[in-house]
Each structure stands twice: as structure tokens, then as C-alpha cells.
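Structure provided below as C-alpha cells; questions to follow.
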Amino acid sequence: MAVRFDKVAIIGAGHVGATAAYALMLRGLFTDIVLIDADSARAQAEALDIADANALARPAHVRHGDYAEAGDAAIVVITAGASPQGEESRLSVAGRSAAIVADCARRVAEAGFAGVMIVASNPVDAMAQVAQRASGLPTGQVIGTGTLLDSARFRRRLADRLGVAPVSVEGMVLGEHGDSEVAVFSGVRIGGVALDQLRDGAMLDRAELARETMRAGYAIAHGKGHTSYGVATAIVRLCEAVRRDEQVVLPVSTLAQGACGVAGVYLSLPCVIGALGVARVLAPELDAREADALRRSATILRGIMAELDGQG
Ligand code: NAD
């Protein structure tokens, strides 16, 4: 089936999916935006609301549809899944989400989809791996939003403490999107200057900053019941990188194949993103503690996949 590069399908029209559709519409990257949800009345209502807003933006068709609509899309975004309740960890919803995500990915593949699949459902690393297996797509074409959001949170918090704009902070969080994620302080650069070389940087409470970054999602969900703008913006950024074949480097969840000593599991590493998804995975230099933490994160994720395999 010929791929329509101007078309995106979003599966799951809840908080994340609807916000991503709205942000994608405002960004003007696609002229055809389709919302698919098991609750088709919800998908229809969200699509109508966004379509009305589109009359004041760059023209696009925003509508609800079924899985057949996903077949010729350039990008499918999966946001359907179970949400953590209260303080429930992302990992404990894995089983509930896996059944939903596998079903969505299988139905998208059956529709003839050959584009790039972006997975945001939590726990996102495991869900991206589940979606890749269920869809049968090449691993590079199935990407989890992973720590793209955590990296933005990390950069913003560093920027606030150092009195510079977030865009001027180079820094990444790698590994699991979740409790075992690794904030890579050794790689932080501000105008090419390492953190230790800056007076405020050397004095930073790194453990506290890493914890704040990791807990950011919980803090937001505690106040409003869910998170949406950050992850939706990460989805838009990834869609943009694919749509424009940017070859930009973003920390996203991909199948590790030996980089930084980890393999066989989805987790975030710096990836070169283009029209076919992950074109290349980079292996950044980490200090010994960060490298250890990344391997621990991979072990945790392998454990989740083993549990899911055991359940299935
Ligand atoms: P939500 O409950 O508002 O929306 C989920 C939607 O999925 C609902 O509309 C539901 O009808 C739909 N759905 C359920 N099963 C389906 C199926 N089989 N087929 C099609 N649609 C189905 O939840 P939300 O707040 O939008 O969160 C969605 C997912 O995104 C959750 O897994 C959540 O944990 C995750 N999330 C991820 C990040 C991240 O950074 N990756 C951030 C926030 C939320």
C-alpha cells in the first residue's frame, strides 16, 4: 500500500492521544489526522473539537476512523493503554497495557501499515517492544517516546538552576522511562562547557535533580490526574523528525543491540531519527556509575518482558 506522507493516525483518543492530535494539528505537519479509539464516540468528539480549531490554523482534515485508515499512514502513534492509578508505578500496569498495545499494533499491521510506529503507552519501553513484536515491523520502525520527555524535564531543571534557557542545555536521560532511568550528568554541556567546569554546576545537588526529573510525571499526575502536554510535545517532536527526515539525534526507546553494553531490550539511547525511524543508535561515553545504572535499567526491563512473556 502506498504510504501517504501527509497522514498520521493516532490510536487512543484519551488525554495523551487527543493532546497529541491537537498539537500536531497546530504544528501543521500533516493534512490528514485520524483518531482511532475503542470508544469511537470519544474519538469522534475529540476529532470534531480539533477540526473546529483547525479553521483558525493551517488547513488539515481531522477526523475519527477505524484501523483500515491506519494502513496508508506515514506514522501511527499508539497512546491506547491502561493508566497508572494514584501512586501505582508504571511497571505495575504493564500487563494491562500489553494486551491493549499488542491488539492495536496487530490490527495496524493487518491494515497494511509500513510506516513508522511511535508508542507512548506505559510502561513505554516494554510497550514499544510488545508493539514491535505484534506488528512484525522492522525494529527501527517502532520507536518508544522513552526518555525524550525525561530529557526535556532534565534540561529544564538544569536550565532553571543555572540561569540559562533550556535550549542552551545539552543533556540526556537514558535507559528506562521510569524509576531506573539514568540522568547522564557527565554528558551535560552548556555552551560546550561541562557541568564540573561551571561554578553553579559543580555545586548542584545531582541526586536531587535526577530524582525531581524522574518524579516529575508523578507530581503532575498527582495534581491533575494525568500528564499530557509534555508527552504530546515529545510525540510531535518525533513525528516532525520522521516527517522531515531530519536525521536529528533524540533520546528515544529502541531495541538495544550492544550500544553501551546493553542488548535485546527496548530502552532509550541517543538515536538518529529519519523518515524510516531509527537510522542509527549512538553509544555515548558514560562514567562508570552511569554505565552501571544503564545496565541495571536494562536488567529491570528484561525482567518486565520476561514477566509479560510468562503471562502471555
Ligand atoms: P486515557 O485513559 O485518557 O486514554 C486511553 C484511551 O485508550 C481511552 O480513550 C481508551 O478508550 C483507549 N483505549 C483503550 N483500549 C483501547 C483499544 N484496545 N483500542 C483502542 N483504544 C483503546 O489515558 P491517557 O492519559 O491518554 O494515557 C494513555 C497512555 O499513555 C497510558 O498508558 C499512559 O500511562 C501513557 N502515558 C505515557 C507517557 C509517556 O511519557 N510515555 C506520559 C503520559 C501517559
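All ligand and atom numbering here is 1-based and tracks the order in the structure.
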How does Thr145 reach ligand 1, by side chain, by backbone, by both or by neither, if only non-hydrogen atoms under 4.0 Å count? side chain
For the hydrophobic clusters of this structure (ILVMFWY residues joined by side-chain heavy atoms under 4.5 Å, transitively), does one cluster hold both Leu255 and Leu294?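 Yes, because Leu255 and Leu294 connect within a single hydrophobic cluster, where side-chain heavy atoms sit under 4.5 Å apart.
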Numbered atoms and elements of ligand 1 in range of Val16, under 4.0 angstrom, heavy atoms: 24 (P), 25 (O), 26 (O), 27 (O), 30 (O), 43 (C), 44 (C)
Ligand 1 contact on Ala234 by region, counting heavy-atom pairs under 4.0 Å: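 Near ligand 1, Ala234 shows nothing, with every heavy atom at 4.0 Å or more.
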Ligand 1 to Ala80 polar contact by distance, N or O atoms, under 3.5 Å: no
Between the CG atom in Leu174 and the OG atom in Ser151, the distance rounded to the nearest 0.5 Å is 6.5 Å
Under a 4.0 Å heavy-atom limit, does Met127 contact ligand 1 with its side chain, its backbone, both, or neither?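 Met127 to ligand 1: no contact under 4.0 Å from either part.
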Give the numbers and elements of all ligand 1 atoms closer than 4.0 Å to a heavy atom of Ala120.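 In order of number, 30 (O), 35 (C), 36 (N), 37 (C), 38 (C), 39 (C), 41 (N).
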Whether Asp309 and Arg133 form a salt bridge (side-chain N of Lys/Arg under 4.0 Å from carboxylate O of Asp/Glu) is what I want to check.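 Yes, this pair counts.
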Are any of the N/O atoms on Asp37, whether in the backbone or the side chain, positioned under 3.5 angstrom from an N/O atom of ligand 1?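 Yes, at least one N or O pair falls under 3.5 Å.
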For the 3.5 Å polar cut-off, considering only N or O atoms, please tell me whether Ser121 and ligand 1 meet it.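 In fact, backbone or side chain, Ser121 has no N or O that close.
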Under 4.0 Å from a heavy atom of Thr227: give me the atoms of ligand 1 that qualify, with their elements. 42 (C), 43 (C)
If you take the nearest heavy atom of each of Thr79, Leu148, Ile100, Leu149, which one is closest to atom 15 (N) of ligand 1?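 Among Thr79, Leu148, Ile100, Leu149, the closest heavy atom to atom 15 (N) of ligand 1 belongs to Ile100.
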Between Glu246 and Arg237, is a salt bridge (charged side-chain N to carboxylate O under 4.0 Å, His left out) present by the stated rule, with each step listed? CA-CA 11 Å; Glu246 289 184 2; Arg237 184 68 194 94; 2.8 Å; yes
Answer yes or no: does atom CZ of Arg27 have more than 12 heavy-atom neighbours from other residues, nucleotides or ligands under 6.0 Å?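 Check fails, neighbour count at 12 or below.
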Polar contacts were defined as any N/O atom of the residue lying under 3.5 Å from an N/O atom of the ligand; does this apply to Val231 and ligand 1? no
Over 60° means perpendicular and under 30° means parallel, so classify the ring planes of Phe185 and Phe154, tilted if in between.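 Taking Phe185 first and then Phe154, their aromatic rings stand perpendicular (interplane angle over 60°).
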For Cys104, counting its heavy atoms only, list the atoms of ligand 1 lying under 4.0 Å from any of them.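 Under 4.0 Å from Cys104, ligand 1 has these atoms: 19 (N).
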Would you check whether Tyr67 reaches within less than 4.0 Å of ligand 1, judged by its heavy atoms? yes
Side chain, backbone, both or neither: which part of Asn122 has a heavy atom under 4.0 Å from ligand 1?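 Both backbone and side chain of Asn122 come within 4.0 Å of ligand 1.
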Can you tell me if CZ on Arg206 sees more than 12 non-hydrogen neighbours from other groups inside 6.0 Å?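 Check passes, neighbour count above 12.
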Using a strict cut-off of less than 4.0 Å between a Lys/Arg side-chain nitrogen and an Asp/Glu carboxylate oxygen, indicate whether Asp200 and Arg161 qualify as a salt bridge.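 The answer is no: the pair does not qualify as a salt bridge.
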Only heavy atoms of Arg42, strictly under 4.0 Å: list the atoms of ligand 1 that pass.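 The atoms of ligand 1 under 4.0 Å from a heavy atom of Arg42 are 3 (O), 8 (C), 9 (O).
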Check the surroundings of atom CD in Glu285: do more than 12 heavy atoms from other residues, nucleotides or ligands lie under 6.0 Å from it? no
Ring of Phe30, cation from Arg243 - is the NZ or CZ under 6.0 Å from the centre and inside 45° of the axis?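 Pair Arg243/Phe30 counts as cation-pi.
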